[in-house]
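Following: one structure in structure tokens, then a few remarks.
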Amino acid sequence: MADGIASNDAGFKPHTSHWGVFSARMKDGALDIRPHPGDPDPNGIIGNFPGALRHRARIAEPMVRKGWLENGPGPDERRGRDEFVAVSWDKVIELLGGELARVKDQFGPGAVFGGSYGWASAGRFHHAQSQIHRFLNVALGGYVRSVNSYSSGASSVLLPQILAGYEEITKRNVSWDQIAEHTDIVLAFGGMALKNSMVAGGSISQHVERGAMDRARARGCDFVLVSPLKADLPDEAGAEWIAGMPGTDTAMMMGIVHTLVVEGLADRAFLDRYTEGWPVFERYLMGETDGQPKDAAWASGITGIAADEIVALARRLAGKRAVIVVSHSLQRAEHGEQPVWMGMVLAAALGQIGLPGGGYAYALGAIGYYGRRFNAVPGPTLSQGRNGVADFIPVARISDMLLKPGTTYRYNGQTRTYPQIKLVYWAGGNPFHHHQDLNRLRKAFARLDTLVVHELGWTATARHADIVLPCTMTLEREDIGFSSNDPLMVAMHQVAEPYGKARDDYAIFADLAERLGAREAFTEGRTAREWLAHLYETTRAGLAKQGLPAPSFEEFWTQGLMELPQLPDDGGEMRRFRDDPVAHPLSTPSGKIEIFSAKIDGHGDADCPGHPVWLDKTEVPRPAAPLFLVANQPATRLHSQLDFGGHSSDAKHRGREVARMHPEDAKARGIGDGDIARLFNERGACLAAVRVTATVRKGVIQLPTGAWFDPADPSEETSLCVHGNPNVLTRDVGTSSFAQGCAGQLTVVEVERFEGNLPPIQAFDPPVSVAV
Ligand SMILES: Nc1nc2c(c(=O)[nH]1)N[C@H]1C(S)=C(S)[C@@H](COP(=O)(O)OP(=O)(O)OC[C@H]3O[C@@H](n4cnc5c(=O)[nH]c(N)nc54)[C@H](O)[C@@H]3O)O[C@H]1N2
Ligand SMILES: Nc1nc2c(c(=O)[nH]1)N[C@H]1C(S)=C(S)[C@@H](COP(=O)(O)OP(=O)(O)OC[C@H]3O[C@@H](n4cnc5c(=O)[nH]c(N)nc54)[C@H](O)[C@@H]3O)O[C@H]1N2
Ligand SMILES: [Mo]
């Protein structure tokens with residue numbers, strides 16, 4: 001057992017979140033919170049809890065949209081600007097149960113979209129997606145689901161076909177310990193910002209990245225950052241900053257590999273033994289297929305980085321224990337498959353794949369559970385049951401699905417058809433945070449018969465719903481905190497009473513299941529506490545099997561924290577393949593690293609051919625939108641979660657999210673530090689406060705995601721977001737016909753100083769509620 005927080009320690013109770021293990025207590029009506037003492041680098045995001053717990057933005061009771069209540073289900077443009085009516089729990093269960101039964105009987109469960117993408121909260125039992133999927137399977141017979149993620153929409157489809165399973169590459173390959181001990185040079189495209197690795201889904205007890213970079217640096221490891229933002233690597237890395245043009249990394253990588261080839265520095269022995277299709281790619285690289293050699297001069301023209309800098313970098317990498325990092329952000333863009341694939345080719349040409357601290361560390365540093373070790377025992381997992389509906393969409397195609405039912409689209413070599421959806425049910429996600437082109441999303445949601453949302457706060461998604469069910473926040477219930485890559489299991493004690501009439505997602509679904517005749521099948525007769533004990537048993541049995549101390553559930557619960565054994569840091573499949581490629585082939589079609597993929601080539605999709613290519617982009621600066629907008633992850637919160645909490649609010653300026661831009665770009669527009677600016681393009685506009693800083697590349701403005709969508713006038717079709725949500729500006733297209741991933745990281749905009757009266761922030765005020 002680990003020491004630290006026990007439940008009787010001055011009233012502090014153990015708990016955890018996606019952003020860190022902590023303990024908390026209620027004192028004089030306020031929340032007191034302190035980070036896990038064993039965390040070397042605690043995350044400030046836990047500071048959002050105290051202000052959020054009892055904030056007016058919480059939802060106090062079940063609410064039904066007035067228009068829906070009066071007119072019944074059906075398409076309605078008023079979603080997002082209508083009033084709400086408070087109803088009792090009994091009434092709302094009756095209404096929603098009836099509506100679910102209607103849709104199922106008339107159209108079948110294939111008319112229900114239950115993908116419900118989102119990060120929800122930590123905790124293995126009250127995990128909202130597990131709960132909703134289990135409910136829809138058990139009580140309705142299934143639902144149309146979504147596949148892949150907004151995080152890695154392109155890479156998670158591509159990597160298994162050309163290299164290895166996604167988890168294998170991100171979690172069993174190059175670790176932080178290996179980097180600290182072995183790496184000579186880290187070349188990080190998109191960086192490894194500490195703000196990002198501060199977060200890990202499920203739970204995280206130790207933030208190790210800063211320390212690992214410090215140790216590597218002290219040993220003499222060099223860090224090179226290719227990114228529009230200097231802050232994408234911390235000071236500890238002492239990185240050299242190469243500020244390339246966003247969206248052009250593939251060209252830069254090609255320029256490096258071309259240099260390696262012409263200077264005889266490419267590792268030919270590695271390419272021959274371990275890869276498939278290099279000769280095909282080499283002809284393209286040398287310009288034999290299209291007359292354009294992809295040399296450093298060519299790459300310079302595209303990236304804005306001097307050719308001799310690219311050549312020097314190639315020479316510096318060759319023969320070293322080099323690791324290539326490509327962040328998730330690079331693939332969350334048009335043709336996002338290409339930098340992921342080309343990063344692998346660069347690592348292969350350097351011949352370091354499979355060596356400790358070398359090769360291809362895709363997405364290392366993007367999230368705190370990458371580059372760690374796996375637990376040697378399984379964690380608690382709630383069974384989701386069987387989904388009787390086979391249909392799915394790639395997750396980021398939601399607006400297309402709702403706006404263009406019955407039409408076809410390409411995905412992973414297939415031609416598929418969008419289903420006819422009548423009802424959308426969301427718990428644990430916020431599409432008005434995560435999706436692109438929010439004005440288009442509003443039109444898509446207007447088409448539905450019914451939108452149902454479980455939420456703890458009045459997000460824009462809740463405001464657009466017909467039926468809003470208030471759920472508890474993690475601090476208001478008991479759970480078990482566990483992540484497969486964190487050695488600490490946490491008994492998440494309840495710290496506060498539920499807000500208003502909020503209930504656990506589990507309790508809501510149990511009552512709805514009863515209304516649909518499936519209570520017993522859904523609950524299996526267990527209370528929430530009984531479920532925790534039941535789910536814990538998997539881990540206890542795993543410990544006992546290994547002859548390790550295996551405390552009972554009651555002992556674990558009282559102790560609060562439990563240290564779990566972990567598997568060795570052995571380089572996984574990549575190391576085994578390197579050691580013996582015949583005995584341990586990769587799981588790709590050829591068993592090798594696929595620089596050329598016959599399978600992907602066979603799809604015939606021009607926007608993702610059989611090997612990495614440079615493709616011109618649609619979203620490039622133009623006179624009406626001359627600046628790149630980088631819409632990246634926020635430092636002060638997880639996505640949109642608890643945006644109304646103190647840590648997030650304190651970092652805003654005059655209530656607005658802060659955008660960063662280069663002094664020359666600001667000056668050319670008469671914008672000063674601290675001014676409010678309007679960012680706009682053909683899709684929409686938002687306000688943001690401007691920080692003027694030379695740590696942003698010229699030609700780029702950065703505005704993080706996560707400020708709650710706050711239209712100045714919700715009745716307008718395209719209203720100004722007064723708060724700073726960049727997704728009113730981003731374009732709603734897939735990365736390519738291959739993966740159809742989210743492309744929200746980059747777009748182009750114009751920026752002007754905002755004159756006139758500053759509209760108030762209303763995002764955190766509950767909508768108007770009326771009695772009927
Ligand atoms: N432009 C642009 N857009 C992006 C990105 C980008 O880089 N640029 N990044 C994308 C990425 S990588 C991701 S992962 C997505 C993230 O998108 P989401 O995961 O949808 O964002 P969150 O804000 O985490 O949404 C979780 C919601 O669940 C609610 N919640 C928390 N706990 C519970 C609970 O116990 N029960 C219920 N019912 N609800 C709960 C929270 O209040 C919150 O509203 O955004 C994507 N969007
Ligand atoms: N604090 C915090 N941490 C988080 C999250 C959060 O919401 N808050 N979300 C988590 C989630 S779900 C995910 S998936 C990961 C996401 O991990 P990422 O997608 O990697 O994170 P981002 O911050 O969006 O992007 C990283 C950096 O890439 C750079 N970049 C953008 N475009 C380009 C480009 O074209 N070329 C190059 N070279 N660089 C570019 C930007 O400067 C940006 O800061 O983060 C996780 N960590
Ligand atoms: Mo993500």
Side-chain angles (χ1 to χ4, degrees), residues 18-19 43-45 52 116-123 126-129 131-132 149-153 188-201 225-232 242-249 252 326-333 336 339 363 365-368 395-396 426-436 453-457 459 461-462 469-474 476-477 479 504-505 508 628-643 696-697 700 702-706 708 725-727 729-730 742-747:
H18 298 312
W19 41 92
N43 182 346
I45 297 181
S116 189
Y117 180 80
W119 267 60
S121 286
H126 292 289
H127 178 237
Q129 276 73 26
Q131 291 287 347
I132 186 177
S149 64
Y150 278 75
S151 314
S152 59
F189 292 89
M192 301 184 284
L194 289 182
K195 71 166 170 70
N196 286 351
S197 50
M198 281 280 168
V199 162
L225 168 67
V226 181
S227 176
L229 305 186
K230 187 165 187 280
D232 283 335
I242 301 177
M245 201 52 133
T248 64
D249 305 84
M252 176 166 175
V326 168
S327 68
H328 278 326
S329 54
L330 268 68
Q331 52 90 66
R332 203 175 300 113
I367 304 192
V395 68
W426 228 288
N430 185 2
F432 275 89
H433 165 76
H434 63 237
H435 199 56
Q436 286 55 66
V453 174
H454 292 200
E455 251 300 343
L456 56 92
T459 60
T461 305
L469 304 173
C471 68
T472 50
M473 182 190 274
T474 177
E476 297 162 351
R477 62 195 183 216
D479 213 327
D504 296 347
D505 293 297
I508 302 171
F628 266 115
L629 172 69
V630 169
N632 63 350
Q633 313 304 312
T636 55
R637 58 186 172 258
L638 173 68
H639 312 135
S640 68
Q641 295 200 30
L642 312 186
D643 184 32
V696 176
R697 187 197 197 281
V700 172
Q702 176 253 343
L703 178 64
T705 54
W708 285 15
N725 186 322
N727 274 329
L729 301 161
T730 52
C742 161
Q745 176 85 190
L746 289 180
T747 190

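Order of listing sets the numbers, starting from 1, for every ligand and every atom in it. None of the values given here were measured: they were computed from a predicted structure.
Taking distance alone, with nitrogen or oxygen atoms compared against 3.5 Å, Ser121 approaches ligand 1 more closely than that limit. Between Thr459 and ligand 1, not a single N/O pair is under 3.5 Å apart.
For the residue pair Gln745 and Asn632, no side-chain donor N or O sits within less than 3.5 Å of a side-chain acceptor on the partner. In this model, no donor atom of one side chain and acceptor atom of the other lie less than 3.5 Å apart for Gln131 and Asp505. With no hydrogens or angles considered, a side-chain donor-acceptor pair links Thr730 and Asn727 at under 3.5 Å.
The contact set between ligand 2 and Arg332, taken as ligand atoms under 4.0 Å from a residue heavy atom, comprises 14 (S), 16 (C), 19 (O), 24 (O). Annotation for ligand 1: atoms under 4.0 Å from non-hydrogen atoms of Gln745 are 7 (O). The contact set between ligand 2 and Trp119, taken as ligand atoms under 4.0 Å from a residue heavy atom, comprises 12 (S). The distance from ligand 2 to the heavy atoms of Gly247 drops below 4.0 Å at these ligand atoms: 34 (C), 35 (O).
Heavy atoms of Arg477 approach ligand 1 to within less than 4.0 angstrom.
When only non-hydrogen protein atoms are considered, atom 43 (C) of ligand 2 lies nearest to Asp232 OD2, 3.4 Å. Counting only heavy atoms of the protein, atom 38 (N) of ligand 2 lies nearest to Asp249 OD2, 2.7 Å. In terms of protein heavy-atom proximity, atom 3 (N) of ligand 2 is nearest to Lys195 O, 3.0 Å. Ala366 O, 3.1 Å is the protein heavy atom nearest to atom 45 (O) of ligand 2. Closest to atom 28 (O) of ligand 2 among all protein heavy atoms lies Ser329 OG, 2.7 Å.
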